[in-house]
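Quick caveat, the model's predicted, so the values are computed rather than measured.
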Amino acid sequence: MKKTFLLMAITTAGISFGQGKIQYPQTKKDETVDVYFDTKVNDPYRWLEDDKSAETGAWVKAQNEVTYGYLDKIPFRDELKKRMEKLWNYEKISAPFVEGKFTYYSKNNGLQNQSVVYRKGKDGKEEVFLDPNTFSKDGTTSLGGLNFSKDGSKAAYAISEGGSDWRKVIIIDAITKKVLEDTLVDVKFSGVSWHGNNGFYYSSYDKPKGSELSAKTDQHKLYFHKLGTSQKEDKVIYGADQKRRYIGGYVTEDDKYLVISAANSTYGNELFIKDLTKPNSPIVTIVDNFNSSNQIIENEGTKLFIETDLNAPNTRVVTVDISNPKPENWKDFIKETKDILSPSTGGGFFFANYTKDAVSFVQQYDYSGKLIREIKLPAVGSAGGFGAKKEDKTLYYSFTNYTTPGTIYSFEPKSGKSEIYQKPKVDFKSEDYESKQVFYTSKDGTKIPMIITYKKGLKLDGKNPTILYGYGGFNVSLTPSFSIANAVWLENGGVYAVANLRGGGEYGKKWHDAGTKLQKQNVFDDFIAAGEYLIAQKYTSSDFLAIRGGSNGGLLVGATMTQRPDLMKVALPAVGVMDMLRYHTFTAGAGWAYDYGTAQDNKEMFEYLKGYSPVQNVKKDVKYPATMVTTGDHDDRVVPAHSFKFAAELQEKQTGENPVLIRIDVKAGHGAGKSVAATIQENVDVQAFTLYNMGFKALPKK
């Protein structure tokens with residue numbers, strides 16, 4: 001059977017352009033059936049979950065042959081790529097930071113696959129510190145983190161191979177750049193936090209049995225690695241006796257305390273602290289449940305500053321003494337407001353970065369809680385950064401929006417002086433474009449914000465190619481940001497619209513919760529209403545509308561296109577969570593249950609998930625939009641089997657001539673660390689596919 005399938009998968013990967021029909025690879029079906037609360041659910045493509053099998057590998061190869069064969073026929077694809085590369089080819093420099101006697105920063109000359117870490121000493125001479133482009137020949141190994149010891153004499157950096165969440169950690173002498181000891185392996189969902197100069201804390205799971213890319217990982221542990229010892233000797237600090245899916249540990253800036261956060265889902269965490277100045281000190285509990293989100297952002301001696309949404313769904317900052325740190329003793333430091341707070345510290349001050357209707361404003365406070373000033377931002381958009389060491393005299397922040405490339409500003413917290421530090425030289429005329437925020441009405445009457453960006457003077461005739469983007473989950477806020485790919489889309493007469501759906505974090509915990517579990521349909525309704533608004537206002541029409549989203553946003557696209565296939569011409573689900581009955585059985589997927597619930601919870605939850613799960617809701621004899629599913633074969637966050645099964649269902653049941661393709665990046669994961677070349681090509685293919693299926697035979701420049 002296996003040999004027969006391998007031959008079949010390769011020999012049927014042909015394309016017939018004469019009638020606009022595509023001959024898809026043969027995807028076999030098996031008899032797998034699951035039973036949930038006495039309900040049988042067929043899962044005929046279960047075999048595609050085996051990422052190690054030769055059959056799955058052959059299927060991937062055959063699908064890519066069809067997909068790239070189709071894309072190669074698009075007449076303006078090469079022209080689109082040339083423009084994308086030209087626009088992308090500008091120098092990018094990060095904000096600098098000081099460690100020991102050196103100032104470090106990253107830089108990309110334009111089209112380098114990975115940004116290079118540079119440094120300067122007191123003599124001002126620039127030298128390469130780390131060049132991730134040398135980590136692998138094909139650019140698929142990326143830098144996943146860089147952390148320095150307290151005096152800056154040593155460093156530990158993490159690498160990701162093929163986009164995997166599994167990392168290796170390499171320890172070097174930061175002065176000589178020489179490797180000091182054996183590489184740490186099998187590190188996942190972890191930072192590196194040094195205690196002094198002789199060791200650091202990190203987190204990981206036991207390596208799973210079976211596939212490391214798809215097998216379940218659900219017991220995280222916090223370790224301490226002492227320099228000069230084997231990884232096998234690393235001591236478990238927390239998690240050996242307490243089963244938690246996510247555990248993190250970090251040392252306060254004064255090197256006195258270890259802060260531990262533990263969680264079983266992507267929302268809500270326990271909080272602990274340990275005094276590192278006293279040998280064998282106990283781990284002290286601050287928060288003992290998962291009903292709120294909490295983190296220590298600063299301490300002044302024994303006084304702790306905690307960011308929390310406990311009794312404050314829009315977030316506040318509280319203070320408490322470490323001698324009695326329970327919530328009943330917390331006192332407001334920065335009170336909750338109607339806007340969403342994201343605090344940071346640097347230069348001896350606190351910075352309250354607020355989100356108001358999905359855009360930023362920032363206030364500065366001193367350590368007594370006194371408001372010093374509101375920081376004037378360059379325009380309406382998104383500000384980020386404002387983090388630095390306590391003694392730093394200058395810190396940096398970034399500003400961007402949908403028409404303004406990300407610009408770095410220096411800021412002197414004592415005087416309030418702010419000036420441009422690094423402004424990118426992008427070949428894009430920002431002044432020719434504009435963004436408009438609207439508030440449209442969803443199905444249940446809720447007002448939803450959306451920002452629409454387009455070229456000035458846009459004609460509202462319903463014929464503008466439009467991408468509607470959304471996410472709607474996990475308390476994530478979609479705030480304005482510049483994208484080279486979107487700039488190219490705008491140059492070609494496109495409209496780019498971003499809807500701030502429920503499930504996100506734009507209006508705090510209540511907004512998040514309104515798009516979770518048995519209220520998840522609100523998110524899809526919000527997205528559908530966004531599309532209907534764009535059509536009603538004649539920005540576009542169903543013939544020129546594409547919907548796009550990634551990860552949880554891929555689920556959004558999958559659910560929307562199966563519920564309202566008539567609404568859009570093109571659907572672009574990326575690395576999506578498509579099988580809602582089984583998502584929790586892969587890698588760390590069970591941690592997403594706060595947002596989704598699971599099919600095992602109860603009959604009501606099972607039936608609700610089954611009612612919108614994209615894989616289970618592809619119907620026969622339905623004309624679905626032209627669809628290009630995108631994923632990576634090394635995605636161990638949302639395993640590619642989600643996308644594989646969804647594409648197989650669509651290819652089998654699609655009626656009409658709209659293509660259903662799946663584009664599978666090889667040696668690529670969920671997105672982080674992807675090479676510049678691969679990122680450009682993916683964006684080119686997405687836009688070429690979209691425009692071609694809207695009927696364009698050439699780039700629609702206006």
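- Side chain of S613 to main chain of M578: a donor-acceptor pair is present (N/O by atom type, distance under 3.5 Å, no hydrogens or angles).
- Side-chain contact between Y692 and K697 is present, with at least one heavy-atom pair separated by less than 4.5 Å.
- A donor-acceptor pair under 3.5 Å is formed between the side chain of T690 and the backbone N or O of V686.
- Annotation: ring pair (Phe, Tyr, Trp, His ring centres under 6.0 Å) contacts of F689 (sequence neighbours excluded): Y70.
- Note: Y246 and F189 have tilted aromatic rings, judged against thresholds of 30 and 60 degrees for the angle between ring planes.
- Here the closest non-hydrogen pair linking L555 and P614 is CD1-CD, 3.6 Å.
- For S542, there are no side chain to side chain donor-acceptor pair (under 3.5 Å) partners two or more places apart in sequence or in a different chain.
- Scanning for ring pair (Phe, Tyr, Trp, His ring centres under 6.0 Å) contacts around Y612 gives F524, Y608, with sequence neighbours left out.
- Looking at heavy atoms from C-beta onward, Y583 lies out of side-chain contact with V639 at the 4.5 angstrom threshold.
- Residues A648 and T27 come closest through the heavy atom pair CB-CG2, 4.0 Å.
- Side-chain atoms of N475 do not come within 3.5 Å of backbone N or O of H512 as any donor-acceptor pair.
- With no hydrogens or angles considered, no side-chain donor-acceptor pair links S265 and W592 at under 3.5 Å.
- The side-chain heavy atoms of V557 and L572, taken from C-beta on, include no pair separated by under 4.5 Å.
- Not counting sequence neighbours, the partners of W511 by the ring pair (Phe, Tyr, Trp, His ring centres under 6.0 Å) test are Y507.
- No donor-acceptor pair under 3.5 Å is formed between the side chain of N492 and the backbone N or O of G494.
- One N or O on the side chain of T400 and one on the backbone of F482 form a donor-acceptor pair closer than 3.5 Å.
- Screening residues 528-550 for salt bridge (charged side-chain N to carboxylate O under 4.0 Å, His left out), with sequence neighbours left out, gives E532-R564.
- Side-chain atoms of V66 and I22, non-hydrogen and from C-beta on, do get closer than 4.5 Å to each other.
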Exercise. Mind running side chain to side chain contact (heavy atoms under 4.5 Å, CB included) on L80 and L699 for me, showing each step along the way?
Key: CA-CA 8 Å; L80 193 61; L699 290 180; 3.8 Å; yes

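- Counting only heavy atoms from C-beta outward, the side chains of F439 and Y533 never approach each other to under 4.5 Å.
- A donor-acceptor pair under 3.5 Å is absent between the side-chain atoms of T404 and the main chain of N401, judged by distance alone.
- Between D665 and T630 the shortest side-chain heavy-atom distance does not fall below 4.5 Å.
- Sorted by first and then second residue, the side chain to side chain donor-acceptor pair (under 3.5 Å) pairs involving residues 638-652 (not counting sequence neighbours) are K29-E652, D43-K645, Y45-E652, E49-K645, Q63-Q651, D579-K645, E649-K653.
- At distances below 3.5 Å, not a single donor-acceptor pair connects side-chain atoms of N353 with backbone N or O atoms of L341.
- Partners of Y469 under the ring pair (Phe, Tyr, Trp, His ring centres under 6.0 Å) rule, at least two apart in sequence or in another chain, do not exist in this structure.
- Side-chain atoms of K40 and N42 form no donor-acceptor pair, as typed in the model, at a separation below 3.5 Å.
- Between D30 and K28 there is no salt bridge, since none of the side-chain N atoms of the basic residue sits less than 4.0 Å from a carboxylate O of the acidic one.
- Residues V575 and G632 share a closest heavy-atom pair of CG1-N, 4.4 Å.
- With no hydrogens or angles considered, a side-chain donor-acceptor pair links D685 and Q681 at under 3.5 Å.
- A search for side chain to side chain donor-acceptor pair (under 3.5 Å) contacts involving T355 returns nothing, not counting sequence neighbours.
- The two residues Y36 and R582 make their nearest non-hydrogen contact at OH-CG, 4.0 Å.
- For D309 (side chain) and S292 (main-chain N/O), no donor-acceptor pair under 3.5 Å exists by modelled atom type.
- In this structure, the separation between CE on M568 and OG1 on T627 is 9.0 Å, given to the nearest 0.5 Å.
- The closest side-chain heavy-atom distance from R77 to D72 is below 4.5 Å.
- With sequence neighbours excluded, the residues forming a side chain to side chain contact (heavy atoms under 4.5 Å, CB included) with K459 are D461, listed by chain and number.
- Among residues two or more places apart in sequence or in another chain, the side chain to side chain donor-acceptor pair (under 3.5 Å) test is passed with Y596 by N552.
- K463 and S541 share no side-chain donor-acceptor pair at under 3.5 Å.
- Considering every non-hydrogen atom in both P405 and S430, the closest pair reads CD-OG, 3.8 Å.
- Note that the CG atom of D51 and the CZ atom of F586 stand 9.5 Å from one another [nearest 0.5 Å].
- In K620, the NZ atom is not crowded: 12 or fewer heavy atoms of neighbouring residues, nucleotides or ligands sit closer than 6.0 Å.
- For T67 and N64, the side-chain atoms include no donor-acceptor pair closer than 3.5 Å.
- Among pairs with a residue in residues 590-613, none fulfils salt bridge (charged side-chain N to carboxylate O under 4.0 Å, His left out), at least two apart in sequence or across chains.
- Residue pairs meeting the salt bridge (charged side-chain N to carboxylate O under 4.0 Å, His left out) criterion with at least one member in residues 501-522, sequence neighbours excluded, are D444-R502, R502-D526, K509-D513.
- More than 12 heavy atoms of other residues, nucleotides or ligands lie within 6.0 Å of CG in D357, so this atom counts as buried by the packing criterion.
- To the nearest 0.5 Å, the span separating CG on N500 from CD1 on I451 amounts to 6.0 Å.
- Judged purely by atom type and a 3.5 angstrom limit, Q687 uses its side chain to pair as donor or acceptor with the backbone of A485.
- The line from OG1 of T315 to CG of D339 is 11.5 Å long, rounded to the nearest 0.5 Å.
- F428 has its ring centre less than 6.0 Å from the ring centre of Y433.
- In this structure, M694 CE and K569 NZ are separated by 9.5 Å, a value rounded to the nearest 0.5 Å.
- The side-chain heavy atoms of Y496 and Y454, taken from C-beta on, include no pair separated by under 4.5 Å.
- Of all heavy-atom pairs spanning P565 and V622, the tightest one is CG-CG1, 3.9 Å.
- For Y624 (side chain) and K619 (main-chain N/O), a donor-acceptor pair under 3.5 Å exists by modelled atom type.
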